[in-house]
Number of protein chains: 2
Amino acid sequence: MKIIVDAFGGDNAPLEVLKGCAMAVQEYHLTVVLTGDEEIIKKTAEENGVTLTGMEIVHAPDVVMVEDDPAAVIKNHGDSSLVKGLSLLAQGEGDAFVSAGSTGALVVGSSLLVKRIKGIKRAALAPIIPSNTGCYMLMDAGANLECRPEMLLQFGIMGSAYMNKIVKVNSPRVGLLNVGAEETKGTVLQKEAFALLKSAPVNFTGNIEPRDVPMGDCEVVVCDGFSGNIVLKLTEGLASAMMGNIKNILYKNTLTKLAAASIKGGLMELKKKMDYTEHGGAPLMGIAKPVIKAHGSSNANAFKNAIRQARDFVEHDVIGEIERSLEELKRTAQ
Amino acid sequence: MKIIVDAFGGDNAPLEVLKGCAMAVQEYHLTVVLTGDEEIIKKTAEENGVTLTGMEIVHAPDVVMVEDDPAAVIKNHGDSSLVKGLSLLAQGEGDAFVSAGSTGALVVGSSLLVKRIKGIKRAALAPIIPSNTGCYMLMDAGANLECRPEMLLQFGIMGSAYMNKIVKVNSPRVGLLNVGAEETKGTVLQKEAFALLKSAPVNFTGNIEPRDVPMGDCEVVVCDGFSGNIVLKLTEGLASAMMGNIKNILYKNTLTKLAAASIKGGLMELKKKMDYTEHGGAPLMGIAKPVIKAHGSSNANAFKNAIRQARDFVEHDVIGEIERSLEELKRTAQ
């Protein structure tokens, strides 16, 4: 299997990308195709003792910046590591693409170059977020700030396929993020999406209130991208604020520092449990081939996990499963 | 001063309401007007040794349930503790109203019976939520699921007045909840609200990303009610999930239990810091007289705090301040 990796995406590129790729090649026995400035890649690898064994490099000297207008990236940055990676994927020169670059450019570029699965209206950014009982896929987390009900229906179907195939959840519970549990709650969007999801070929458990999301009441949380972005970023911010508070308590004085020593193991476990990079990155669900958006601040381990996730995505044929579900939806609607 | 209190609102009514009122009467030297079934109030007080000194009772035998359609409550439940309380406030039989009853009924009932401040388009449910550095007013937290830009502008003005007058924040920072910091981010609603807030008589600090909200980067967080409801409920859920996790770590074995003993003080402080009932309830900002929505699960202490908050609201003339700000806005717009 060949995984294409954007060597110049994210805050820690290219070094952490290269380290992560080296780990992935060794652990998962796959080939990595790196896109980016060949000279810098080779120099960085050499200077830091990272082996490039099992990796090919496709030269792409340009880099897409977060400030760049996503809509113009393909036209203006055809020679960038991001656009080159997507082009290679579209041409079949690899099985999946991983990038920690600009989310906007990745969403627009994927939709235009790699295209969407037939029948899918819009691709969703779908991070997997830890919960008290496991994890859930949040979709959409920001690719589509405004959504139509049919899009939320498709998000539910796609999320269900992913959680079933990759995370091995049997009959994943799909919840519609809403301000109340009753069917009549929410705006027109939620009411119409509720009706559509109710008769979809997924295990729709109704509305889920935001307070039940971190408890793990659903494995797929469906919402518009504006709401999903709030869930994603508030979860990050609150977890970090809480951990900071706990740290302050533990480092208050000698006595609390002693206490800290004996619960350190538990806290480290909790930190690991809450670390969403353990699950890899956020797949762009709905694109015709696997595209994984790694977190902008990804370190080597996060890149390794995102590559593993890309491999699983290919191996378990998530896209085929989505296509079958869409077929089933069509049949039942007839 | 006379604070009208709905004796039959919330999960712990009427006992915890009565206890909270008794504490408030004693501490704040004010008069409480209780609305509700007179017989039950007297019986509950007697059986539990709660004194009703300093309280008047206005008999209202009916109770509004959370399931009741808010739009029909005034018509169908005129004899309820909630509607009776609002009527008394409208008639000037008290200075403020506190209820832990149905949010929807309280918002609709207040707008219809007590009316809105002249020029205010919609009332907002505005809880005060603890942050790492203090607290912030979140508005709207669910009264208006869909908003127009002018509403968000008014939310910013009203929240600023409250945080300045009641929480004593000098020049409160007003932030617009959005998916990114740049002015161009968000949907049409955020873009237009940004432009309006920029020239409003408040300390508008631009967009605030959800991850910075719990850090305390703003004292007023402005958003539509759907988004605000997510922030409110996800904050509750995550804090509770995190505290549960920490508890599990601390009660794992004898060693960790010993550790727990020495950091117990710090954790209790943190719990108190995160307890939003310490700030009282959520004011309905925009109503022509002070109306406080206490949390449905309020205990006696939360009711006491909500009554103190109502008193402060009256004493510091928050509504007058809002009216002056609206005047200023009008002047600068001319």
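So that the names make sense, note that chain A is the first sequence line, chain B the second, and so on, each numbered from 1. FYI, side chains are in, hydrogens and waters are out, and symmetry mates aren't considered; it's all heavy atoms of this structure.
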Engineer: What heavy-atom pair brings B/Lys233 and A/Pro210 nearest, and what distance separates the two atoms?
Structural biologist: CB-CB, 3.7 Å
Engineer: Heavy-atom distances under 4.5 Å only: say whether A/Leu267 touches chain B with side chain, backbone, both or neither.
Structural biologist: both
Engineer: Once rounded to the nearest 0.5 Å, what's the spacing between atom CG of A/Asn245 and atom CE of B/Met242?
Structural biologist: 9.0 Å
Engineer: Taking all non-hydrogen atoms of both residues into account, name the closest pair between B/Val179 and A/Phe226 and its distance.
Structural biologist: CG1-CD1, 3.7 Å
Engineer: Chain A heavy atoms under 4.5 Å from B/Thr235: which part of the residue, side chain, backbone, both or neither?
Structural biologist: both
Engineer: What is the minimum heavy-atom distance between B/Met215 and A/Gly237, and which atoms define it?
Structural biologist: CE-O, 3.4 Å
Engineer: Kindly compute the distance separating CG (A/Asn248) from CG (B/Leu270), expressed to the nearest 0.5 Å.
Structural biologist: 9.5 Å
Engineer: Could you tell me which of A/Leu258, A/Thr184, A/Ile246 has the largest number of non-hydrogen atom pairs under 4.5 Å with chain B?
Structural biologist: A/Ile246
Engineer: Got a sec: does the NZ of A/Lys273 have more than 12 other heavy atoms crowding it under 6.0 Å?
Structural biologist: yes
Engineer: Could you grab the distance from atom CG of A/Leu189 to atom CD of B/Glu146, nearest 0.5 Å is fine?
Structural biologist: 9.0 Å
Engineer: So which residue, A/Leu238, A/Leu255, A/Val213, ends up with the most heavy-atom pairs under 4.5 Å with chain B?
Structural biologist: A/Leu238
Engineer: When only pairs under 4.5 Å are counted, which of A/Glu209, A/Lys252, A/Glu269 shares the most heavy-atom pairs with chain B?
Structural biologist: A/Glu209
Engineer: Under 4.5 Å from any heavy atom of chain A, what part of B/Asp212 do you find: side chain, backbone, both or neither?
Structural biologist: neither
Engineer: Answer with side chain, backbone, both or neither: which region of A/Leu232 has an atom nearer than 4.5 Å to a non-hydrogen atom of chain B?
Structural biologist: neither
Engineer: Using a cut-off of under 4.5 Å for heavy-atom pairs, which of B/Leu250, B/Leu145, B/Leu234 has the most such pairs with chain A?
Structural biologist: B/Leu234
Engineer: Kindly compute the distance separating CD1 (A/Ile263) from OG1 (B/Thr256), expressed to the nearest 0.5 Å.
Structural biologist: 8.0 Å
Engineer: Which atom names give the shortest non-hydrogen contact between A/Glu236 and B/Arg211, and what distance separates them?
Structural biologist: OE1-NH2, 2.9 Å
Engineer: With a 4.5 angstrom heavy-atom cut-off, is it the side chain or the backbone of B/Glu182 that approaches chain A, or both, or neither?
Structural biologist: neither
Engineer: So how far is it from B/Asn178 CG to A/Asn229 CG, rounded to the nearest 0.5 Å?
Structural biologist: 8.5 Å
Engineer: Can you tell me how far the OG1 atom of B/Thr187 sits from the CG atom of A/Asp224, to the nearest 0.5 Å?
Structural biologist: 9.5 Å
